[in-house]
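Here's the structure we're looking at; comments come further down.
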Amino acid sequence: PPDSEQLGRATWTFLHTMAAYYPEVPSSEQQINMRNLLSGFSQFYPCWYCAEHLREEMKKVPPKVESRWALGIWLCDMHNIVNERLGKPIFDCNKINERWKDGPKN
Ligand code: FAD
């Protein structure tokens with residue numbers, strides 16, 4: 001795509017925010033739907049080499065959909081794998097709520 005950086009930022013914003021508002025205790029149907037969403041996402045993300053990398057990582061570490069916390073950490077770890085590959089700073093996964101849900105503590 002013409003601007004894969006902007007696409008990436010927008011997509012991470014969507015994914016992390018979705019994880020932050022995923023149910024704390026998801027039903028089995030919600031867990032199945034989230035697994036399917038992520039699987040479809042990794043098939044159709046419109047940056048083919050990004051999607052290919054993601055599918056490889058998801059094969060090694062399948063999505064954890066059993067709780068909000070588990071999903072948030074899994075996604076944070078996936079993002080950090082990309083960060084590492086691109087030489088970007090590693091994000092502290094204890095800060096996902098502060099960044100993506102609650103805002104900074106005062
Ligand atoms: P981004 O990485 O887009 O991050 C946005 C914000 O998220 C950051 O400012 C930070 O506040 C927060 N953040 C950072 N790390 C984490 C974390 N681990 N957990 C939670 N929040 C975090 N680009 C490539 O060139 N090659 C690739 O192979 C590639 N693969 C990608 C795969 C996926 C699934 C996605 C969504 C994007 C991919 N990208 C890839 C794009 C790349 O990850 C960045 O989005 C893009 O380079 C813009 O980077 P950025 O510095 O603006 O911050």
Side-chain angles (χ1 to χ4, degrees):
D3 193 341
S4 67
E5 291 240 328
Q6 204 198 312
L7 175 69
R9 262 192 301 278
T11 303
W12 287 123
T13 298
F14 165 65
L15 289 173
H16 289 299
T17 307
M18 178 173 67
Y21 287 87
Y22 183 64
E24 283 179 46
V25 185
S27 68
S28 51
E29 192 187 0
Q30 286 170 322
Q31 295 184 46
I32 290 166
N33 288 339
M34 180 54 73
R35 207 175 275 120
N36 288 339
L37 191 160
L38 292 167
S39 162
F41 170 84
S42 76
Q43 212 178 122
F44 297 114
Y45 186 62
C47 158
W48 67 267
Y49 58 90
C50 304
E52 198 168 283
H53 278 304
L54 184 66
R55 288 195 298 275
E56 277 167 29
E57 296 304 331
M58 282 173 66
K59 245 185 252 170
K60 289 186 229 162
V61 187
K64 297 204 166 62
V65 297
E66 63 267 26
S67 70
R68 175 187 295 173
W69 182 248
L71 181 64
I73 295 294
W74 176 83
L75 192 61
C76 183
D77 288 344
M78 288 293 124
H79 193 164
N80 273 334
I81 290 170
V82 178
N83 287 340
E84 196 177 9
R85 204 170 57 239
L86 299 179
K88 290 180 192 275
I90 298 304
F91 185 89
D92 176 358
C93 292
N94 289 309
K95 301 223 161 95
I96 47 176
N97 278 342
E98 187 178 321
R99 174 68 178 88
W100 296 108
K101 190 161 182 286
D102 302 332
K105 286 189 205 97
N106 291 310

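If you read the sequence from its start, that first residue is 1, and numbering goes on from there. For clarity, every value in this text was computed on a predicted model and none was experimentally measured. Numbering of ligands and ligand atoms starts at 1, following listing order.
Here Arg99 has side-chain heavy atoms under 4.0 Å from ligand 1, and that is the only part of it that gets that close. With a heavy-atom cut-off of 4.0 Å, Leu86 touches ligand 1 through its side chain alone.
Judged purely by distance below 3.5 Å, without hydrogens or angles, the side chains of Asn83 and Asn80 pair a donor atom with an acceptor atom.
Look at Arg85 and you'll find a heavy atom under 4.0 Å from some atom of ligand 1.
Ligand 1 places these atoms under 4.0 Å from at least one heavy atom of Val82: 29 (C), 30 (N), 31 (C), 43 (O). The distance from ligand 1 to the heavy atoms of Lys88 drops below 4.0 Å at these ligand atoms: 47 (O), 49 (O), 50 (P), 51 (O). In summary, the atoms of ligand 1 found under 4.0 Å from a heavy atom of Asn80, numbered by their order in the structure, are 18 (N). Listed by atom number, the atoms of ligand 1 under 4.0 Å from Thr11 heavy atoms are 36 (C). Listed by atom number, the atoms of ligand 1 under 4.0 Å from His53 heavy atoms are 28 (O).
Atom 24 (C) of ligand 1 is flagged as protein-proximal [any protein heavy atom, distance under 4.0 Å].
By heavy-atom distance, the residue among Ser42, Cys50, Ala10 lying nearest atom 39 (N) of ligand 1 is Cys50. Counting only non-hydrogen atoms, the option in Trp12, Trp100, Tyr45 that gets closest to atom 21 (N) of ligand 1 is Trp100.
Here the protein heavy atom with the shortest distance to atom 53 (O) of ligand 1 is Arg9 CG, 4.1 Å.
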